[in-house]
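Before any comments, here is the structure.
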Amino acid sequence: MAAPVPWACCAVLAATAVVYAQRHSPQEVPHVQYERLGSDVTLPCGTANWDAAVTWRVNGTDLAPDLLNGSQLVLHGLELGHSGLYACFHRDSWHLRHQVLLHVGLPPREPVLSCRSNTYPKGFYCSWHLPTPTYIPNTFNVTVLHGSKIMVCEKDPALKNRCHIRYMHLFSTIKYKVSISVSNALGHNATAITFDEFTIVKPDPPENVVARPVPSNPRRLEVTWQTPSTWPDPESFPLKFFLRYRPLILDQWQHVELSDGTTHTITDAYAGKEYIIQVAA
Amino acid sequence: MSHTEKKKKNPKPSEKNLRVGLADGIIKASPEPRLALPLRQPPGEEPRPAGPAPSPMDLRAGDSWGLLACLCTVLWHLPAVPALNRTGDPGPGPSIQKTYDLTRYLEHQLRSLAGTYLNYLGPPFNEPDFNPPRLGAETLPRATVNLDVWRSLNDKLRLTQNYEAYSHLLCYLRGLNRQAATAELRRSLAHFCTSLQGLLGSIAGVMAALGYPLPQPLPGTEPTWAPGPAHSDFLQKMDDFWLLKELQTWLWRSAKDFNRLKKKMQPPAAAVTLPLEAHGF
């Protein structure tokens with residue numbers, strides 16, 4: 001006696017599910033659509049007839065009927081604010097007919113690409129960005145050529161617009177060519193740069209720049225710093241430093257060039273004045 | 001000992017001394033590493049043959065690398081003779097520093113020379129993105145080297161490679177000088193050749209101070225005069241392009257080579273300033 005009861009429950013549940021599915025629109029997942037900023041777009045209400053009676057909503061808010069062309073929603077001069085979830089409902093039954101997730105954006109402009117070696121001679125990295133935003137997702141593809149050889153550019157673990165290349169050979173006369181292509185749903189673009197190995201060498205700034213007064217002499221300042229920690233081999237590839245300083249009240253800098261060492265004593269400071277001191281590697 | 005210098009921008013202090021006019025056809029090699037400035041030759045020292053004068057021979061027929069290489073044999077022997085006369089050195093340290101300084105000076109000088117020469121060759125050679133495949137110019141000494149191999153070079157090999165490279169490059173450069181069209185170009189090239197000869201002498205001095213023999217060409221490999229295949233004008237220009245490129249790259253590399261040597265030669269007291277941690281490098 002107990003058996004037919006649960007069986008009946010299942011049947012009822014199944015039937016309800018079928019009816020539910022039939023009554024609701026077949027799409028659970030909204031249709032994703034990308035449109036260009038400033039353009040006009042017409043959104044049809046799925047497979048509904050042109051003269052069907054429907055209501056449109058965006059993000060849950062009703063839209064005025066004067067935007068409709070029959071059952072289709074017409075949007076002129078798309079702005080970023082037009083992005084959202086558009087849904088059309090059967091006017092009387094509020095049955096959901098169709099959903100569109102609209103993204104308003106732009107095709108990509110030519111990307112800006114630059115490469116730099118702050119870890120010479122280990123390798124170099126390239127980073128890129130778009131000069132103006134597209135407001136929609138973009139994918140980038142980077143290729144590195146050394147002569148005819150393709151080199152691997154490993155994605156940076158932290159920064160999404162950067163990748164790293166290891167030098168295989170040093171002192172090469174053959175240029176490197178780095179190309180990047182960017183694409184999104186509305187278009188694509190690309191650029192490339194070519195350079196010699198030595199032209200992109202640029203170390204990170206020196207670290208831990210500290211200025212200490214010299215006890216016996218109020219006109220002296222002892223400035224010390226460290227080689228940037230990213231520079232792998234300062235012995236074979238020594239760094240030169242430029243130091244400049246001025247009292248805050250003056251505009252004129254004093255420059256010092258240091259081909260060796262990580263310390264310098266300023267001897268012509270004005271006692272009692274606040275100084276700004278900068279060191280470049 | 002402080003290397004601090006207050007200066008605006010570069011010229012190295014030794015630069016002034018090297019700007020001496022060149023008497024046509026006379027090559028001077030500096031035997032004294034302490035001077036290492038090729039043009040302050042003490043007057044009593046001339047038992048050298050005046051043979052390798054760049055101009056008088058008319059070698060236009062079938063200009064080729066092999067043809068010019070015959071001059072190399074004479075140049076090989078030039079620095080060897082005086083180097084044997086030296087006595088009582090303070091050690092190789094100061095001469096390594098001078099050699100390093102010379103490479104930096106030459107690098108600087110080459111920048112303007114190459115710019116002028118490439119403009120003379122015309123497009124595409126003077127275009128910044130010009131990136132041809134490396135074909136031909138096989139006899140040019142190549143600076144490129146595997147990173148680990150370069151790091152593990154012993155001092156003798158390091159010096160030898162530099163010496164041999166510049167000997168060859170100088171020879172080819174003199175060939176270039178013969179073909180150069182304008183008097184101004186010939187002057188600049190001649191000046192550069194002289195400086196390069198000075199660098200060779202300086203390297204020879206360092207090698208002698210360290211007790212390394214100067215590389216002599218093996219009897220079997222001495223190139224003999226032979227008219228090569230006639231180069232097209234374009235191919236000749238390509239060869240010139242690669243010559244300048246290799247020169248540039250070798251000078252970039254040599255600075256690093258000599259810096260490595262300099263650090264190795266430093267007396268133990270100064271070792272305190274060398275970071276001895278391994279950078280995993």
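Each chain gets a letter, A, B and so on, in the order the sequences are listed, and its residues count up from 1.
- Proximity to chain A (any heavy atom under 4.5 Å) is restricted, for B:Pro128, to the backbone atoms N, CA, C and O.
- The ring of A:Tyr167 has its center closer than 6.0 angstrom to the ring center of A:Tyr120.
- Contacts between B:Trp242 and chain A at a heavy-atom distance below 4.5 Å involve the side chain alone, from C-beta outward.
- Using a 30° and 60° split on the angle between ring planes, A:Phe237 and B:Trp150 fall in the tilted class, from 30° to 60°.
- Per-residue counts of heavy-atom pairs under 4.5 Å with chain A were compared for B:Lys262, B:Lys264, B:Arg253; the largest is that of B:Arg253.
- Taking the six-membered ring for Trp, B:Tyr212 and B:Tyr163 have ring centres at least 6.0 Å apart.
- Residue contact with chain A, scored on non-hydrogen atoms closer than 4.5 Å, is absent for B:Phe258.
- Below 30°, between 30° and 60°, or above 60°: for B:Tyr105 and B:His108 the angle between ring planes is between 30° and 60°, a tilted geometry.
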